[in-house]
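First the proteins, then the strands, lettered A, B, ... as listed; each starts at 1.
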There are 2 protein chains.
Amino acid sequence: MQRGSFQWMKSLNKSIILNKIRIDGPISRAQIAKETELTPPTVGTMVKELLAQGLIKESQLGASQGGRKPTMLVLHVQGFHIIGVDVGPSQIRFIISDLAGEIADELLQEIDPSIENEAFLKMLKQGIQLLMNQHPSLQFIGIGVAMHGVVDAEQGISIFAPNLDLRDIPIKETLEQSFAMNVKVENDAKALALGESWFQVGTAEKSMIAINIGQGIGAGMVIDGKLYHGEHGIAGEIGHMMIDLRGKKCSCGNHGCLQTIASGPAIADRAQELIDAGNSSILAQQHMPLTAEMVHQAAVAGDELARAILHEAGTYLGIALANLIHTFNPGFVIIGGGVAKAGSYILEPIMEAMKSRVIYDRAQDTVVQLSKLSDYGSSLGAVALVLSELFQPET
Amino acid sequence: MQRGSFQWMKSLNKSIILNKIRIDGPISRAQIAKETELTPPTVGTMVKELLAQGLIKESQLGASQGGRKPTMLVLHVQGFHIIGVDVGPSQIRFIISDLAGEIADELLQEIDPSIENEAFLKMLKQGIQLLMNQHPSLQFIGIGVAMHGVVDAEQGISIFAPNLDLRDIPIKETLEQSFAMNVKVENDAKALALGESWFQVGTAEKSMIAINIGQGIGAGMVIDGKLYHGEHGIAGEIGHMMIDLRGKKCSCGNHGCLQTIASGPAIADRAQELIDAGNSSILAQQHMPLTAEMVHQAAVAGDELARAILHEAGTYLGIALANLIHTFNPGFVIIGGGVAKAGSYILEPIMEAMKSRVIYDRAQDTVVQLSKLSDYGSSLGAVALVLSELFQPET
DNA sequence: ATACTTAATTAAGAGATTTAAGAAAGTAGG
DNA sequence: CCTACTTTCTTAAATCTCTTAATTAAGTAT
C-alpha cells in the first residue's frame, strides 16, 4: 500500500474500526464514531465493507439511549480460521483457531530426534494439510509457526533449532508455496508473548514481557502491541542474563547465567545434587532421572527439599525480573512454560524477590501473572502472529 | 490534529519530506518524490509551504542528469534556534543550538546546593532569558530541559532530583507560561540517548542505548527514533541492575548493583579502599578525597593500581552491557558521562567483557562507542527533544 | 398523538493526492 | 546554432475519501 495515499488512509481507518469492534464489541456504529473521532458516514461505509468481507457481523439491537435502538456490531469470530503450529523440543502441536483464539481442533505429533530439514518441512506440510482436510468447510486465512531456537522472523527462516539440531529451514517460503496463504514464523518465546498480550492481556496496549521457562529461559517483549526483536533478533534472550558472577558454569561458557539456576533442567539437577549430598527427600526414592515436574509434585506433596529448591529458583527469577523492570520496565509480566506449572511455589518467591529489589514503589506493583494458556501458549501465539497483521497492518 | 483526516495525512507527508531533506539534503524535489514514493506535485506543494515557513531553503543547482539541472533543497539550519538546558548535580548549562545541533552560545551557572523549588525555577527562567536577550535577532521555537533524577516527561515535572533534594518541580508549565513556546522535559540519561541518536548516529533509525556513567549509572533507549520510557518511566535505570549476588551493598539496600562497582564514586571509593589496604599507587600521595577523575589521570600517568581499578569497573560494565544485549539487543551503544572520559582505559575492558559473554556472534559486533558530545551530551539531548517533535510528529 | 432523542443513511461539498499535460532548463548530435 | 531528447518542476483537470448538512428510521416520553 502506497504510504500517504488515500487508500492507505482508508485502510488505516478501517483497521481502527475493525479493532474497535474486536476489542469493545458489541458496539454500535454511533459509538464507534464517538470513540474513534471518525464521522458517522465514514464509519458507516467502512462497516458496510467489513460486513461484506465477513470479518464482522450485526448482532442484536442494543438498548435505546432515548431514541432509536443501535444495531450492535461484533467480530465474526467464526468467519475465518487460522492454523497455529508450535514446534517444541520433541513434538509439534498443530491447532485450528478462530479469530478469538478458540481452539476448534488440534493435532500433536512426535518428532523423530534425528529428523532432517526436508522431512521436517514435509511433516509440517502434512500436519497442516491433515487438519485442513478434516475441516473442509472452514475458511483459512493464515498460518503461524512458533519455533524454538533462533528465528529470522522477517525472512521466515528457522536459523538454528538447538533441540533438533536443524539449521536454516525456509519455513515461510515452503508453506506459502504449498498453501498459498500468509505465513508468519517466530521464535516460540516471542510468539508466546504476543499470544498472551493478544488473548490474555487483551488490549495489547501496554508494554509487556512474557518469560518462557522450560528447557531454557527466553522472553518476548511486546511494545504497543508489536513484538520487539532488537537489532539481531535476539532481544529477550534472558536465559543468559548474568545474575551471579561467581555462580555455576553455563553451557554458553560463562558463569552465573539465569539458566543455570532456574530452568527446568537446572531445577532437576539441583535436586539430584542435594540428594546426593545426603539431604532427605521423597525424591530420593525415584529411580528415574529427576525432572522439574517431579520436583514440583514433591513440593505439592509437602517435601521440604523440593519446596526449598523451587524457592531458590524463584528467588533468582525474581532478581532477574527486577533487572528487567529496571531496564525494560514492562507494565505486565507473564510467566509461562513448563516451570510455570509449579504455580505459587515458584510465583511467590519470584514476587518476594522482585518486590524487595525494585527501588521504585510504583514499579513494585508491576502485575506478574502465571500464564493461563498452559500448553497452548506458543501455538496460540503463532495464531496471534497472523491476527496481529490482520488487525493492525503496518502504519 | 484529527487522526485519519486529510490534514493529518498532509502533515504526515510534510514531515516525511522535511525529514528527507534534513537527513539526505541537499536533495532535489524530483529525488524526494522518487525516494518517498510521493508524486512530484505533492512534493512540490509541500516544499513550497516548507520554504514559506522558513524551515528549508533552496541551495545551489545540482549536476544535470541529462536534462534540466535540479534545484537542491537543504534544511535551513539557521532559520530557527532552540534553547537546551542541562541541570546537573551542581550546575546548570544553558545552550543555544541551531537545527543541526551547532552551539551558538552557552551559559554555565553554579547551583546553590540548598536551593528550593521557587528559586530553582527562577534561576532557570533568568538563565534562558539572559541567553535569549543576548541574541535578539534569533527566532526560538522551543526549550528542552534535561534533568537528573526521576522525571515525568509527559507532564514535564521533575518528580525527584536527588542531588538537589528537590521534588515535584513543574518545569514545563512554568517555562511555557514565561516564554510561550514548546517546552520538553526529560531525564538526563534519556535526553543524552536521544541527543546521541539525533546528532551522532544520525538517522536515528536503529535501536540504540546510551549509558550515562557519572554519580550514578543511567541509560536511555531509543527505538525507531523515539525514546522508550516503559510503564512507569523508569526504563533504563540500569544502575541498579544486579550483577553480583554477593557483592557490595548499594545505597538502595540491595547487594551487587552495577552502581556499586562502576559509577564515579564507586571507582573513587575502590581506589581509597585499595590504598588503605596498603597497595602502592601515586594516588596514595593525594591529600584531597579521591575522585574518579584522579584515578583516570593516574592511569594515564601509568599507575598500575589505577589501571587495574578502571579495568575492573570496565569489566563489570561489559557484563552489564552483555546483559543488555541479551535483553534489549540494541544496534548501537554509546558510553557517556564523566567516567567515559577515561577513554580506552574503560572502553577496552568493556568490549573485552562484552564480547566474551555475548553468545551470538553477530551481536558481539554491536557497535560500542564513547560519546563525542562530551559535556554537551545532555544539553544537546535537550535540544533533540524539541527537534524530534518538530521533525517527527506523533503518528 | 405529538414532540423530542438517538441511530443510521444519503447527498452535496471540501481537501489532498493523482494523472496528464505543459513549461522550463539542459544536454547532445549534426 | 538549431533540433531532438531528457530531466525538472509546475499547472489543470480528475479522482478519492472524509466532512458537513440534511433526511430517514426507530424509539421514548408526556
Side-chain angles (χ1 to χ4, degrees), chain A residues 1-18 20-21 24-52 56-74 393 395, chain B residues 1-18 20-21 24-53 56-74 393:
Chain A
M1 181 86 46
Q2 186 86 335
R3 200 192 143 99
S5 69
F6 292 112
Q7 292 80 346
W8 171 78
M9 190 169 74
K10 181 178 174 180
S11 88
L12 211 71
N13 284 339
K14 202 162 162 181
S15 284
I16 291 172
I17 292 170
L18 178 56
K20 193 79 196 162
I21 295 172
D24 295 332
I27 187 172
S28 70
R29 292 169 175 79
Q31 199 164 359
I32 293 173
K34 247 178 238 152
E35 294 183 18
T36 60
E37 297 196 308
L38 296 168
T39 56
T42 303
V43 174
T45 52
M46 297 300 186
V47 163
K48 196 178 287 176
E49 286 186 31
L50 289 170
L51 283 169
I56 62 173
K57 59 179 181 182
E58 295 185 330
S59 65
Q60 80 299 356
L61 293 180
S64 166
Q65 306 290 316
R68 173 175 170 178
K69 287 179 180 169
T71 52
M72 305 307 261
L73 301 163
V74 292
T395 315
Chain B
M1 181 86 48
Q2 186 85 335
R3 200 191 144 95
S5 68
F6 290 112
Q7 291 80 350
W8 170 78
M9 189 169 75
K10 180 178 176 181
S11 89
L12 211 71
N13 283 340
K14 202 162 160 181
S15 283
I16 291 172
I17 292 170
L18 178 55
K20 194 79 198 165
I21 295 171
D24 296 331
I27 187 171
S28 70
R29 290 170 177 79
Q31 198 163 358
I32 293 173
K34 245 179 242 152
E35 294 183 18
T36 60
E37 298 196 308
L38 296 168
T39 55
T42 303
V43 174
T45 52
M46 297 299 187
V47 164
K48 196 178 286 176
E49 286 186 32
L50 288 170
L51 283 169
Q53 284 178 264
I56 61 173
K57 58 181 182 183
E58 294 185 328
S59 65
Q60 81 298 0
L61 293 181
S64 167
Q65 306 291 315
R68 173 175 170 178
K69 287 181 183 170
T71 52
M72 305 307 258
L73 302 163
V74 292

| message | Counting only heavy atoms and a strict 4.0 angstrom limit, can you tell me which residues of residues 27-41 of chain A come near DNA chain D? | response | A:Thr39, A:Pro41
Would you classify [X] as touching base, sugar-phosphate or nothing, given that sugar-phosphate means primed atoms plus P, OP1 and OP2, and contacts are heavy atoms under 4.0 Å?
| X | result |
| --- | --- |
| B:Thr71 | sugar-phosphate |
| B:Lys48 | sugar-phosphate |
| A:Ser64 | sugar-phosphate |
| B:Met72 | nothing |

| task | Kindly check if the number of other-residue, nucleotide or ligand heavy atoms within 6.0 Å of CD (A:Glu37) is above 12? | result | no
| remark: Between A:Gly67 and A:Phe6, the residue closer to the 5' end of DNA chain D by nearest nucleotide is A:Phe6
| request: Output, in order, the C-alpha distance, side-chain angles, deciding distance and verdict of side-chain contact (heavy atoms from CB on, under 4.5 Å) for A:Gln31 and A:Gln65. | output: CA-CA 11 Å; A:Gln31 199 164 359; A:Gln65 306 290 316; over 6 Å; no
| task | Classify the ring geometry between A:Trp8 and B:Trp8 as parallel (under 30°), tilted (30 to 60°) or perpendicular (over 60°). | result | parallel
So, for [X] and [Y], which heavy atoms are closest and what is the spacing to 0.1 Å?
| X | Y | result |
| --- | --- | --- |
| A:Leu73 | A:Ile32 | CD1-CD1, 4.1 Å |
| A:Leu51 | A:Ile56 | CD2-O, 3.5 Å |
| B:Pro70 | B:Ser28 | CB-CB, 3.4 Å |
| A:Asn13 | A:Met46 | CB-CE, 4.1 Å |

Round to a whole Å and report the spacing from [atom1] of [X] to [atom2] of [N].
| X | N | atom1 | atom2 | answer |
| --- | --- | --- | --- | --- |
| B:Arg68 | C:dA23 | CZ | P | 13 Å |
| A:Met9 | C:dT18 | CE | C1' | 14 Å |
| B:Leu12 | C:dA16 | CG | P | 14 Å |
| B:Gln65 | C:dT27 | CD | C1' | 12 Å |
| A:Trp8 | C:dA16 | CH2 | C1' | 13 Å |

| message | Pair B:Lys48, B:Arg29 - check side-chain contact (heavy atoms from CB on, under 4.5 Å), show working. | response | CA-CA 10 Å; B:Lys48 196 178 286 176; B:Arg29 290 170 177 79; over 6 Å; no
| field | A:Ser5 side, atom OG; A:Lys10 side, atom NZ - distance, nearest 0.5 Å | value | 11.5 Å
| said: Judged by each residue's nearest nucleotide on DNA chain C, which is more toward the 5′ side, A:Glu58 or A:Gly66? | reply: A:Gly66
| query | Quick one: how far along DNA chain D does chain A reach, first to last nucleotide 5' to 3', anything under 4.0 Å to a heavy atom? | reply | D:dC16 to D:dT28
